[in-house]
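One structure is given here, and the rest of the page talks about it.
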Protein chains: 2
Amino acid sequence: MAQKVKLSTIAEALGLSTATVSLALRDSPLVADVTRDRIKEKAIELGYIYNRRAASLRTSRSGIIGVVVHDIMNPFYAEILKAIETELDRSRQTFILSNHYDSVEKQRNFIETLLQLGGDGVIMSPAIGTPASDIRLALDNGMPAILIARSVPEIDVPTFRGDDAYGTALATNHLISLGHTRIAMIGGTDHTSTGRDRYAGYANAMKKAGLELDPALRIPGPRTKQSGFEAAVNFLANPLKPTAAVCWNDLVAIGLMNGIARAGLVPGKDISVTGYDDLEEAAIATPALTTVWNGQSEVGRFAARALLDKLNGSSEADGLHLIKPEMRIRQSTTPLNPGAGR
Amino acid sequence: MAQKVKLSTIAEALGLSTATVSLALRDSPLVADVTRDRIKEKAIELGYIYNRRAASLRTSRSGIIGVVVHDIMNPFYAEILKAIETELDRSRQTFILSNHYDSVEKQRNFIETLLQLGGDGVIMSPAIGTPASDIRLALDNGMPAILIARSVPEIDVPTFRGDDAYGTALATNHLISLGHTRIAMIGGTDHTSTGRDRYAGYANAMKKAGLELDPALRIPGPRTKQSGFEAAVNFLANPLKPTAAVCWNDLVAIGLMNGIARAGLVPGKDISVTGYDDLEEAAIATPALTTVWNGQSEVGRFAARALLDKLNGSSEADGLHLIKPEMRIRQSTTPLNPGAGR
DNA sequence: TAGATTTGTTTAAACGTTTGAATCGGGGCC
DNA sequence: GGCCCCGATTCAAACGTTTAAACAAATCTA
């Protein structure tokens with residue numbers, strides 16, 4: 001590997017100063033056109049590589065943005081990330097991605113690393129139990145933060161997520177309108193604002209329709225296919241078997257449908273199932289999954305924009321922004337079959 | 001936001017020099033125990049944040065490692081990434097993740113960005129058509145590279161991937177042993193080494209068994225569920241309908257099974273299907289998918305280790321390392337049903 | 001007791017950029 | 001001809017660390 005090529009290498013080769021070279025490479029109007037061209041040519045010829053750490057040490061802008069979510073493998077976040085990526089790419093920001101797997105500690109490590117690297121900002125879906133102080137750590141050190149998918153108590157930064165109570169109410173009402181009365185709710189926990197909201201939407205819809213809220217019909221659990229698959233056993237063991245299920249998300253719903261099929265019943269016919277998120281996968285599941293579109297791409301896009309706006313000095317977007325979910329009706333929900341559920 | 005706290009802030013507060021503070025914070029034996037404790041205490045009290053860009057400017061080690069793959073949303077890569085993450089976390093390296101979506105340009109941008117940030121190394125699954133010069137760009141600037149999943153002609157860096165020809169041969173032979181003779185191969189392209197290898201494994205197994213290689217039975221396509229789902233139509237329209245299919249990967253296989261089910265046939269019974277990769281999802285699909293384990297976690301782990309070794313000066317691992325795939329037999333493959341396939 | 005060693009700390013230069021202020025050689029203006 | 005201004009370029013300091021080398025004081029050693 002040849003000697004490192006830096007500004008001064010180019011400067012010396014041309015008999016100029018590093019200042020001129022620096023300005024020229026950044027298209028400053030201060031340097032003569034002809035000089036700029038000579039400099040740029042030489043830079044390419046020598047294989048010059050801009051040293052961002054040196055630059056950012058001087059300018060205190062690194063061009064790095066951090067994004068941390070529960071699990072990037074989860075298609076729900078993956079769709080959000082894709083939207084963020086598209087938006088940030090446009091403004092030539094590098095982004096650093098991390099999972100926290102709901103470990104507050106891993107999340108704080110990430111924030112600290114990002115501060116050390118001089119990150120310009122952070123977009124995060126906070127881990128369960130995130131203390132306000134962890135967000136303030138970023139804020140106090142001049143690194144703006146945007147929240148997605150979940151809120152953190154006492155923190156008032158721009159926050160984007162779906163209107164969960166409204167969304168599960170949509171799904172529940174859909175099932176009620178099909179004649180179902182014993183409707184289970186599967187997956188998720190009550191330890192997050194999302195969890196509480198989703199349950200509230202379901203519970204309110206049930207009450208409003210005059211239906212009984214049987215605690216045995218609430219089966220909490222992780223938010224994975226595996227968990228939905230396993231819940232099927234529990235679900236089908238219930239003596240008064242439910243005829244329909246509102247699932248935490250599409251993954252749980254697909255897992256549940258697989259579990260139902262494995263038990264010899266026909267999902268969508270014997271038991272109606274709704275998902276949540278409307279992942280790409282929902283449409284090609286068998287049967288095609290009725291679900292609630294949760295606006296992941298909107299969340300990602302808005303979050304990225306809000307951060308870029310903040311970096312440019314505006315702060316209009318503070319506070320909570322809810323995206324209204326929409327029903328996507330497919331084949332996994334059908335009118336109550338009077339013979340089923342016994 | 002208060003004034004920035006730096007080494008000199010701590011130094012002044014304690015009447016010491018920045019050198020002492022710098023050494024103390026890094027647990028150098030050069031500084032007295034009592035002094036070190038005072039310094040560390042003060043650092044916490046003042047909320048000191050280590051500035052890595054300044055440090056790395058001096059040391060030329062940034063602690064940043066880049067990872068670029070086709071698509072992090074793809075569970076195949078996601079499993080590799082998880083293994084890499086686990087391994088790198090252990091040695092406190094920050095990693096920057098990116099998709100190239102098989103765009104050589106996006107990939108080169110990533111390499112350039114990483115160089116600008118002073119990345120210590122890069123692990124990549126090269127985009128289709130990656131020129132050797134793009135890898136050399138990294139190498140020539142002192143940034144070691146490791147390849148996963150695919151090779152690049154003329155490049156001899158440590159490369160880790162599954163033995164694809166062997167793997168598809170396993171799957172094909174399994175189907176042949178069940179009595180199938182009209183076996184399709186679905187998904188993938190011939191533009192990558194992986195693609196050619198997988199086809200070769202299938203083709204050789206067919207020939208060796210004395211079976212005809214009907215070009216109509218080769219249905220190339222993207223490596224997604226969607227694509228498998230769509231291929232079902234094409235597949236079932238064949239007048240001499242195949243009775244079994246070797247799929248490019250589990251996603252294609254699951255999509256294909258959904259498509260078969262949608263057409264009113266029973267996957268695994270009317271038509272046998274094999275996947276590739278053995279994703280978590282394969283085991284809970286309906287029917288549970290027979291597939292080929294491709295050692296993603298091994299690939300990720302080995303790649304990360306190889307890079308860390310390189311950074312520590314060793315270079316033993318140069319060249320290609322193949323991981324031997326293994327068959328995972330489940331319910332999606334059954335003996336040929338003489339009535340089917342007509 | 002003088003010199004050598006050890007222990008703990010400081011000095012100062014370096015890493016590669018950016019940028020406000022300074023310089024320089026011409027013109028144009030009155 | 002003196003003055004000011006202009007465009008193009010350079011000077012030099014700064015960003016916050018690290019580290020080789022120097023230093024000072026205390027402790028050994030012969």
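Below, all heavy atoms of this structure are taken into account, side chains as well, without hydrogens, waters or symmetry copies. Sequence lines set the chain letters: A, B, ... in the order given, protein chains first and strands last, and positions in each chain run from 1.
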N/O to N/O distances under 3.5 Å, protein versus nucleotides 21-25 of chain C:
none

Output all residues satisfying salt bridge (charged side-chain N to carboxylate O under 4.0 Å, His left out) with B:Asp156, sequence neighbours left out; order by chain, then residue number. none

Let me check something: any side-chain donor-acceptor pairs from residues 10-19 of chain A under 3.5 Å, sequence neighbours excluded? List them with distances.
{"residue": "A:Ser17", "atom": "OG", "partner": "A:Ala19", "partner atom": "N", "Å": "3.4"}
{"residue": "A:Ser17", "atom": "OG", "partner": "A:Thr20", "partner atom": "N", "Å": "3.3"}
{"residue": "A:Ser17", "atom": "OG", "partner": "A:Thr20", "partner atom": "OG1", "Å": "3.1"}

Quick check against the 3.5 Å criterion: does A:Asn74 have a side-chain atom that pairs as donor or acceptor with the backbone of A:Phe76? yes

Identify, with sequence neighbours excluded, every residue that meets side chain to side chain donor-acceptor pair (under 3.5 Å) alongside [X].
| X | result |
| --- | --- |
| B:Asp27 | B:Lys40 |
| B:Ser125 | B:Tyr77 |
| A:Lys106 | B:Glu85, B:Asp89 |
| B:Ser62 | B:Asp120 |

Of all pairs that satisfy salt bridge (Lys or Arg N to Asp or Glu O under 4.0 Å), the ones with a partner from residues 13-24 of chain B, not counting sequence neighbours: none

How would you list all residue pairs meeting salt bridge (Lys or Arg N to Asp or Glu O under 4.0 Å) that involve residues 141-155 of chain A, not counting sequence neighbours? A:Asp102-A:Arg150

Using the ring pair (Phe, Tyr, Trp, His ring centres under 6.0 Å) criterion, which residues pair with B:His321? Sequence neighbours excluded. B:Phe160

Summary of protein contacts for nucleotides 9-19 of chain D, nucleotide by nucleotide, where a base hit scores B, a sugar-phosphate-only hit scores S (4.0 Å, heavy atoms): BBB-BBBBBBB

Using a 4.0 Å cut-off on heavy atoms, which residues in residues 108-122 of chain A reach DNA chain D? List them by number, or say none. none

